[in-house]
Structure formats: structure tokens, C-alpha cells
Enquirer: 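Quick one: the structure is below, questions incoming.
The model shown is predicted, which means the values in this text are computed figures rather than measured ones. Only heavy atoms go into these numbers, but all of them, side chains included; no hydrogens, no water, no symmetry mates.
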Amino acid sequence: SPGVQEEPVVDDQVRVMQSYWEGTEQVDFWYEMRPNEDGMYARNGKARAYYKHGQLQREGQYRNNKRVGVWTFYKPDGSFDRTNDYGSGQ
């Protein structure tokens, strides 16, 4: 999937994490981690999840391990499903 190969903008403190569907090389989750105020790493930045067949399922942003802002969700065929606005994550 083209989305899997996209390279994020990397800064000194970002760690890109991804997991795979069991028994496959297909990415399940992909997200950026950065330190919180206390120095502990948490989901902070872009995130994506994929269906097992490789199609993008959802994408958005995390702040302190909480979904924030507008997330976009897609159907298994890749067509737009909906958006959810998670606000500031409070």
C-alpha cells in the first residue's frame, strides 16, 4: 500500500512504531511516538491503521495517547466512510 511506504517528517525525538497483522508482513498499526511533559514516550503525532488486506482503515493524530482533531475513516474498499472530530482530547 502506498501509505505504508510514506516517510514521516522525523525530528530528534520521534519514534515511529508499527505492528503487523499476525503471521503476515502487512502493517496493522503505524504511529509516531514522542515524549510527554514527563519525558515518557507516548503516542504523539500521526497515526494510521490498516485492514488486513492492506487498505487504509483510519488516519489521524494522537496527543498524549488520546485521539485528537479530525480522524478520517475508510471502508474496506478504500472509499470514504466518515470523519470523527475528537477535539483536543480532553
Enquirer: Indicate yes or no for a side-chain donor-acceptor contact from D28 to the backbone of W21 under 3.5 Å, with no hydrogens or angles considered.
Expert: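 Judged by distance alone, no pair lies under 3.5 Å.
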
Enquirer: Between the side chains of Y20 and Q18, does any donor sit under 3.5 Å from an acceptor?
Expert: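 Yes, a side-chain donor-acceptor pair sits under 3.5 Å.
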
Enquirer: Between Q13 and Y41, is there a side-chain heavy-atom distance shorter than 4.5 Å?
Expert: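 Yes, their side chains come closer than 4.5 Å.
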
Enquirer: Check step by step if side-chain contact (heavy atoms from CB on, under 4.5 Å) holds for K46 and Y31.
Expert: CA-CA 6 Å; K46 296 177 186 178; Y31 52 90; over 6 Å; no

Enquirer: Could I get the full list of side chain to side chain contact (heavy atoms under 4.5 Å, CB included) partners for F73, not counting sequence neighbours?
Expert: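 Once residues adjacent in sequence are excluded, the partners of F73 under the side chain to side chain contact (heavy atoms under 4.5 Å, CB included) criterion are R58, R67, W71, D81, R82, N84, Y86.
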
Enquirer: Run the side chain to side chain donor-acceptor pair (under 3.5 Å) test against Y62 and tell me which residues pass, sequence neighbours left out.
Expert: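 If we apply the side chain to side chain donor-acceptor pair (under 3.5 Å) test to Y62, skipping adjacent residues, the hits are R43.
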
Enquirer: Between M17 and L56, is there a shared hydrophobic cluster once you connect ILVMFWY residues whose side-chain heavy atoms come closer than 4.5 Å?
Expert: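 No: no chain of side-chain contacts under 4.5 Å links M17 to L56.
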
Enquirer: Measure the shortest side-chain to side-chain distance between K52 and Y50 over non-hydrogen atoms and say whether it is less than 4.5 angstrom.
Expert: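 Answer no - side chains too far apart.
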
Enquirer: In sequence, state the C-alpha distance, the side-chain angles, and the governing distance for Y51 and Q26, and then conclude on side-chain contact (heavy atoms from CB on, under 4.5 Å).
Expert: CA-CA 9 Å; Y51 289 103; Q26 175 57 50; over 6 Å; no

Enquirer: Taking C-beta and beyond as the side chain, do M40 and P35 meet within less than 4.5 Å on heavy atoms?
Expert: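 Sidechains of P35 and M40: no contact.
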
Enquirer: Carefully, step by step, assess V14 and M33 under the rule side-chain contact (heavy atoms from CB on, under 4.5 Å).
Expert: CA-CA 6 Å; V14 71; M33 295 186 72; over 6 Å; no

Enquirer: Donor-acceptor pair, H53 side chain versus D77 backbone, under 3.5 Å?
Expert: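 No; judged by distance alone, with no hydrogens or angles, the pair does not exist.
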
Enquirer: Determine whether E37 and N64 make a side-chain contact, defined as any pair of heavy atoms from C-beta on separated by less than 4.5 Å.
Expert: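 Yes - at least one pair of side-chain heavy atoms lies under 4.5 Å apart.
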
Enquirer: How long is the straight-line distance from CG of N36 back to CZ of R63, given to the nearest 0.5 Å?
Expert: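 Going from CZ on R63 over to CG on N36, the span is 11.0 Å.
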
Enquirer: Going by atom types alone, do Y74 and E59 pair a side-chain donor with an acceptor below 3.5 Å?
Expert: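 Checked: Y74/E59 side chains pair up, N/O donor to acceptor below 3.5 Å.
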
Enquirer: Among all residues two or more places apart in sequence or in another chain, which pass the side chain to side chain contact (heavy atoms under 4.5 Å, CB included) test with D85?
Expert: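 Result, side chain to side chain contact (heavy atoms under 4.5 Å, CB included) vs D85: V70.
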
